Amino acid sequence: MTDNYLIVVGVDGSDGGRRALDWATREATTRGGTVQAVITWRWDGVESGPATATNPGDEKQHARAILDREIQAVTAGRAPLSPVAAEVVEGRAADVLTHAARGADLLVLGSHGHSRFRHTVLGSVSEECVRKASCPVVVIPVPVPAPPAPAELAVPS
């Protein structure tokens, strides 16, 4: 174990991002490393869905609030826990995350986040990061609800 083992994790306020942050903090604790939780924001709204702010400063503050809330939710009541650094960065999620992970040991992502595009197996950001990252990428799946069981076949009497 080493104190300089670094796990970068993408956080976006989604269930996938929360699960990725939870996994990353547990893994970093096991390895004696640290976590760098990264959230991205864009003023153009391409990846952020409905407008949540009226100017870039508000959008950045909104992202910071999401990140702080997610870190608190995952780390509350857990000890001992590896340090979690928080970073809010403007830009395209896949570009920012792969850049942040250049010197990391792992990049951890949820399989689907809040992107407006949804792929069958991986979300668009996860898929792009898997292709572009210079370190191993761990993609934490988001459980898919099981389809309803088929109705029992009626047997005529």
Side-chain angles (χ1 to χ4, degrees), residues 2-76 78 81-144:
T2 175
D3 285 336
N4 57 4
Y5 192 90
L6 176 62
I7 299 175
V8 172
V9 58
V11 178
D12 64 358
S14 69
D15 184 44
R18 189 171 309 110
R19 292 171 60 84
L21 180 59
D22 181 59
W23 189 91
T25 57
R26 291 174 191 279
E27 185 69 14
T29 300
T30 300
R31 294 178 181 261
T34 59
V35 173
Q36 179 181 355
V38 179
I39 190 167
T40 65
W41 65 277
R42 290 178 66 171
W43 177 239
D44 63 12
V46 170
E47 293 186 25
S48 61
T52 57
T54 58
N55 63 59
D58 287 349
E59 189 66 30
K60 184 176 182 179
Q61 279 302 109
H62 178 70
R64 167 59 75 181
I66 291 170
L67 184 57
D68 291 346
R69 181 184 69 231
E70 294 299 314
I71 291 171
Q72 177 62 29
V74 167
T75 61
R78 286 183 34 201
L81 188 66
S82 291
V84 178
E87 186 175 10
V88 179
V89 182
E90 180 180 12
R92 284 186 67 250
D95 293 339
V96 169
L97 292 167
T98 55
H99 180 78
R102 283 184 310 168
D105 295 285
L106 283 177
L107 172 59
V108 181
L109 307 163
S111 59
H112 291 89
H114 282 309
S115 173
R116 67 181 178 154
F117 304 105
R118 186 160 175 98
H119 290 216
T120 305
V121 179
L122 289 179
S124 58
V125 171
S126 299
E127 186 177 318
E128 188 173 345
C129 287
V130 166
R131 288 193 321 268
K132 292 173 63 174
S134 59
C135 66
V137 179
V138 175
V139 180
I140 304 300
V142 175
V144 177

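Note that the structure is predicted; figures quoted are calculated from it, not measured.
- The salt bridge (Lys or Arg N to Asp or Glu O under 4.0 Å) test applied to D68 returns R64, not counting sequence neighbours.
- Between the side chain of T98 and the backbone N or O of A133, no donor-acceptor pair lies under 3.5 Å.
- For E128, the side-chain hydrogen bond (donor to acceptor under 3.5 Å, both in side chains) partners two or more places apart in sequence, or in a different chain, are R92, K132.
- When all heavy atoms of L107 and C129 are compared, the pair lying nearest together is CD2-CB, 4.0 Å.
- Of all heavy-atom pairs spanning V74 and D22, the tightest one is CG1-CA, 3.5 Å.
- Judged by distance alone, the side chain of T29 and the main-chain N or O of S82 form a donor-acceptor pair under 3.5 Å.
- Separating the CG atom in D12 from the CD1 atom in I39 is a distance of 6.5 Å, to the nearest 0.5 Å.
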Test side chain to side chain contact (heavy atoms under 4.5 Å, CB included) on E90 and E59; report intermediate values, then the result. CA-CA 10 Å; E90 180 180 12; E59 189 66 30; over 6 Å; no
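- Note that CZ of R78 and OG1 of T25 are 3.5 Å apart. Values are rounded to the nearest 0.5 Å.
- Here the CZ atom belonging to R102 is positioned 13.0 Å from the CG atom belonging to L97, to the nearest 0.5 angstrom.
- When all heavy atoms of V38 and A100 are compared, the closest pair comes out as CG2-CB, 4.2 Å.
- Of all heavy-atom pairs between V125 and A94, the closest is CG1-N, 4.1 Å.
- Listed for the T34 side chain is no donor-acceptor partner under 3.5 Å among the backbone atoms of P83.
- Looking at R18, its side chain never comes within 3.5 Å of a backbone N or O of E70 through a donor-acceptor pair.
- For D105, there are no side-chain hydrogen bond (donor to acceptor under 3.5 Å, both in side chains) partners at least two apart in sequence or on another chain.
- Remark: D58 CG to W43 CH2 distance equals 7.0 Å, nearest 0.5 Å.
- Listed here is the closest heavy atom pair of A37 and L21: CB-CD1, 4.1 Å.
- When every heavy atom of G110 is checked against every heavy atom of A20, the shortest pair comes out as N-CB, 3.5 Å.
- Shown are H62, Q61, K60; of these, the side chain to side chain contact (heavy atoms under 4.5 Å, CB included) with W41 is made only by K60.
- With values rounded to the nearest 0.5 angstrom, E27 atom CD is found 9.0 Å from I140 atom CD1.
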